[in-house]
Amino acid sequence: MNDALKSLEQGMAGNGLDALLVTDPKHVYYLTGFASNPHERFLGLLLVRGEEPVLIVPALDAEAAQVASSVSKILTHSDTDNPYELLSKQLSQSKLGTLGIEKEHFSVARYELLSTAVPVENISDIGPLLRSMRAKKTPEEVQKMRHAAELVEEVLRRGLKHVATGVSEIELVAELEYLMKKVGASGPSFDTMVLSGPNTALPHGVPGNRIIQPGDFIMFDLGVYAGGYASDITRTFAVEEADSKLVTIYNTVLAANEAGIAASKTGATYGSVDRAAREVIESAGFGPYFMHRVGHGLGMDVHEYPSLHGLNDDMIESGNVFTVEPGIYVPGLGGVRIEDDVLVTEDGPQTLTSFPKELTVLHL
């Protein structure tokens, strides 16, 4: 049994769980090493306290599971089988008081099928237990995230060469997502964003047919998956010339980004990271134009625990990885966001992203 499964089994005892069923494919991968997209088919990892873990996979994934999974007991089901009968047989000899499931992932339809096949006294949510495990990255996970960061920065580096006369935001998005596969990433970790001119004042704007023009600021927000882990970076550039008002905004955001990173230390709270960045922006007079949290957890999901908002008093721990991405967005003028992926260590914060942050002017 690997370390993740051992930790989960310990968590079962601490939470009064007799058994648990993990069905989110990302969590199955996290716990077993087997990555799969089962689509509508059933995929599940069953743990009964004191017993050998069981991985249940679609028959067409049997060979792949045997190669990749750290769990040796693998059961399969065909498209004409009822996978809940497998669960019923596995649990028929077990006295179940409380069964743990991932409530955020488990649909009502699947819950009804499970309840019919496996009568239990209580159902408990194991989401918080898995969340706390995932928040502290292992050295192996950090290495995968470093690789994902390196790949997205290479994509951005190459993509900037395509900023030219007559090119639109959406064309740059297409080029960037093509480059993601070309450099070896699995694909984008979220919808790639390229915004220009006044569109940069939209924190979650949608890239369109606007042509890049001299005098624009242009914002790139992109990430990739590699080895099952995500990266996420934002950089903002000037095109041909830099408006003095936007330069002031840029320098303010950069200072806020650096303040947020500096505050990312063990023993501090997640909220203090937000407040450190926000104080820089507010003291410069741009407070109303920074209207989102300063960051979010990063790992197997591009958005995961924790949420770095000013009221989050949970404590930062070594091994946490999250984004620090302050921004200022002024309607009618434009906006700036600068985002880094930050690893917290006992010796202080480390940035997994290293793409230069000084204001760069691109030439068409």
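Given the structure is predicted, the values throughout are model-derived calculations rather than measurements. Worth knowing before you read on, the calculation uses all heavy atoms, side chains too, and leaves out hydrogens, waters and symmetry mates. In what follows, residues are counted from 1 in the order of the sequence shown.
Proximity of Thr98 to Ile123: side-chain heavy atoms (C-beta onward) are nowhere separated by under 4.5 Å. The shortest side-chain heavy-atom distance between His147 and Leu151 falls under the 4.5 Å cut-off. Using a 4.5 Å heavy-atom threshold, the side chains of Leu364 and Val163 count as touching. Side-chain contact between Phe322 and Asp341 is absent, with no heavy atoms from C-beta onward closer than 4.5 Å. Contact annotation: the side chain of Leu8 approaches that of Leu31 to within less than 4.5 Å [non-hydrogen atoms, C-beta and beyond].
No more than 12 heavy atoms of other residues, nucleotides or ligands shown are found within 6.0 angstrom of OH on Tyr289. The neighbour count for Asp191 CG, taken as heavy atoms of other residues, nucleotides or ligands under 6.0 Å away, does not exceed 12. The local environment of NZ in Lys265 is sparse, with at most 12 non-hydrogen atoms from other residues, nucleotides or ligands closer than 6.0 Å. The number of heavy atoms from other shown groups lying within 6.0 Å of CD (Glu240) is above 12.
Distance alone, capped at 3.5 Å, is enough to place a donor-acceptor pair between the Glu102 side chain and the Thr23 backbone. When atom types are taken as modelled, the side chain of Ser283 and the backbone of Glu279 share a donor-acceptor pair closer than 3.5 angstrom. A donor-acceptor pair under 3.5 Å is absent between the side-chain atoms of Glu175 and the main chain of Glu171, judged by distance alone. For Ser70 (side chain) and Thr32 (main-chain N/O), a donor-acceptor pair under 3.5 Å exists by modelled atom type. At distances below 3.5 Å, at least one donor-acceptor pair connects side-chain atoms of His309 with backbone N or O atoms of Leu311. In this structure, Arg275 contributes its side chain and Gly310 its backbone to a donor-acceptor pair below 3.5 Å. Between the side chain of Thr76 and the backbone N or O of Ile74 there is no donor-acceptor pair closer than 3.5 Å.
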Take Phe42 and Leu86 through the test side-chain contact (heavy atoms from CB on, under 4.5 Å) and record every step on the way to the result. CA-CA 11 Å; Phe42 182 87; Leu86 286 176; over 6 Å; no

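At a cut-off of 3.5 Å, with distance as the only test, no side-chain donor of Ser231 or Glu150 sits close to an acceptor on the other residue. Side chains of Asp340 and Thr351: a donor-acceptor N/O pair is absent below 3.5 angstrom, by distance only. For the residue pair His27 / Arg134, a side-chain donor-acceptor distance below 3.5 Å is found, with atom types taken as modelled. Asp232 and His296 share a side-chain donor-acceptor pair at under 3.5 Å. Between the side chains of Tyr270 and Asp313, not a single donor N or O lies within less than 3.5 Å of an accepting N or O. Side-chain contact check for Glu85 and His77: no donor-acceptor pair (N or O, by modelled atom type) lies under 3.5 Å. Asn320 and Lys136 form no side-chain donor-acceptor contact under 3.5 Å, judged by distance and modelled atom types alone. Thr236 and Arg337 are not linked by any side-chain donor-acceptor pair at a separation below 3.5 angstrom, with hydrogens and angles left out of the test.
Under a 4.5 Å side-chain heavy-atom cut-off, the cluster of Ile, Leu, Val, Met, Phe, Trp and Tyr residues that includes Met219 is completed by Met291, Tyr329.
Residues in residues 196-240 take part in these ring pair (Phe, Tyr, Trp, His ring centres under 6.0 Å) pairs, two or more places apart or across chains: Phe220-Phe237. Pairs passing the side-chain hydrogen bond (donor to acceptor under 3.5 Å, both in side chains) check and including a residue from residues 242-254, sequence neighbours excluded, do not occur.
Under a 4.0 Å N-O distance rule, the pair Glu9/Lys6 does not qualify as a salt bridge.
Checked against Thr234 for a side-chain hydrogen bond (donor to acceptor under 3.5 Å, both in side chains), the options Asn257, Thr323, Asp221 give a single hit: Asp221.
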